[in-house]
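Remarks on the structure that follows.
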Amino acid sequence: MTIEDTKSAATPATGTRTIRGAVLEAIGAERPYADTRPIHVQNLELEGPGKGEILVRIEAAGVCHSDLSVVNGNRPRPVPMLLGHEAAGIVEELGEGVNDISLGQRVVMTFLPRCGECSGCNSNGKKPCEQGSASNTEGTLLGGNRRLSREGEPVQHHLGVSAFATHAVVSRRSVVPVGSDVPAHIAALLGCALLTGGGAILNVAKPAPSARVAIVGLGGVGMAALITAIATGVEHVVGVDTLPAKLEAARNLGAADAMTSAEALERGEKFDAVIEAAGHPRALEAAIALTKPGGITVTVGLPAPGQSVSIDPLTLTAEARSIVGSYLGSAVPEHDIPIYEQLWRSGQLAVEGLVSDTIPLEDINRAMDTLDGGHALRQIITFS
Ligand SMILES: NC(=O)c1ccc[n+]([C@@H]2O[C@H](COP(=O)([O-])OP(=O)(O)OC[C@H]3O[C@@H](n4cnc5c(N)ncnc54)[C@H](O)[C@@H]3O)[C@@H](O)[C@H]2O)c1
Ligand SMILES: [Zn+2]
Ligand SMILES: [Zn+2]
């Protein structure tokens, strides 16, 4: 299938259904969100899949900081928007031209569809897809379609997925099939936390088993980096966060040590590879300071636009260090998701340990508060 197959504002969709979903109405509401309720759970209309698209019944969706960043305005997006991008579900309908996936197949959603043709898609994961990035910014599916509406008014898609809902229509290029033995909540986590955090390890830092690795920021994404480093045989993995509860969780997931950023900087231990997964400039500065001469700092956090960090350029040059940004784990999802699937199946990847809570869709505003306070690994929304 080419991008031309999916690109058509006039692509006709099949029958419309009523779904239940969590729609962000306005950006930048006061906290706590449990009181101001910027996200409304409501009925809305979902058109059937058009050319190159599929209908998925959502089984499980994780609440990621990138959802919160739309709510608080750090990642400005058009509203009203149906949030949620880390999810898994069952294929229920195939749009025209989709012939490489079956009805009833469990799929993992990925948050950046790939057109398959641009320089990003030809970079082996190093650079994001240009068309996918543009449609994500616009709040459409790949190809420009919107399938969500409310009383005739369009509702924006979040990252081509919009999974905080009973059903989603997405591009075929937004999903990767997984085995039916992978439970939905595990499959959901493969699509963002693992792809992103794990990818920072597998595709960018690539630490040797003897390397010393630190993870700065221990939410779902940082913990995914931590368990991936451990699963691939790295013995010395250290977790760093500002919250003591996160340090204990990192130790429980197998970290050799865990400490606050202040403690880590004070100790003076340096690491061959440091992954920053906090999304805060101070965390990136700490990550850079913790990196050894010759080492690599990988940043996956997404702070608010326009922020800056302070770096001593002499240490970068004289110590031959590198700082690399990584989006979507610098991954080709259809290649990488089966790797995490297999690591999980073999018992080496403790994905279950990333689940801190299971919640109903109605609790989404409260879930944003929990995440905002730094208290969550992954909260999983389930749909009965
Ligand atoms: N690059 C990508 O493709 C990609 C994909 C998904 C998420 N993200 C981003 O990755 C980041 C992490 O996502 P998440 O869902 O795990 O978030 P999270 O909120 O669950 O976790 C962030 C953690 O960082 C900690 N933290 C905050 N400031 C810190 C500091 N100064 N030093 C050390 N720790 C600090 C918090 O206590 C928290 O435990 C977010 O910015 C998110 O938007 C990026
Ligand atoms: Zn995410
Ligand atoms: Zn592309």
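Atoms within each ligand, like the ligands themselves, are counted from 1 in listed order.
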| request: Enumerate the protein residues lying less than 4.0 Å from ligand 1, judged by heavy-atom distances, in chain and residue-number order. | output: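 Residue list for ligand 1: C64, H65, S66, F111, C192, T196, V216, G217, L218, G219, G220, V221, D241, T242, L243, K246, S261, A277, A278, G279, A283, V300, G301, L302, S326, Y327, L328, L371, A376, R378.
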Would [X] and [Y] pass as an ion pair if we require N to O under 4.0 Å?
X: K270; Y: E319; value: no
X: K292; Y: D272; value: yes
X: R251; Y: E248; value: no
X: D257; Y: R267; value: yes

Linked, directly or transitively: [X] and [Y] (ILVMFWY side chains, under 4.5 Å):
X: L195; Y: V204; answer: yes
X: F111; Y: M109; answer: no
X: L194; Y: V234; answer: yes

| Any N/O/S of H65 under 2.8 Å from the Zn ion (ligand 2)? |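 No.
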| message | For the metal site, I want the angle between atom SG of C64 and atom NE2 of H85 with the Zn ion (ligand 2) at the apex, to 10°. | response |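 My answer is 110°, to the nearest 10°.
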| the Zn ion (ligand 3) neighbourhood, protein N/O/S only, threshold under 2.8 Å |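 Those protein N, O or S atoms (cut-off: under 2.8 Å from the Zn ion (ligand 3)) are C115 SG, C118 SG, C121 SG, C129 SG.
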| message | As a quick check of understanding, evaluate salt bridge (Lys or Arg N to Asp or Glu O under 4.0 Å) for R282 and E285, giving each step before the final call. | response | CA-CA 5 Å; R282 300 293 85 73; E285 283 173 353; 3.0 Å; yes
| Positive for salt bridge (charged side-chain N to carboxylate O under 4.0 Å, His left out) with E53, one of R173, R147, R172 |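 Per the salt bridge (charged side-chain N to carboxylate O under 4.0 Å, His left out) rule, the option paired with E53 is R147, out of R173, R147, R172.
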| Any donor and acceptor pair, going by atom type alone, linking the side chain of R77 with main-chain N or O of N136 inside 3.5 Å? |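 Confirmed, R77 side chain pairs with N136 backbone.
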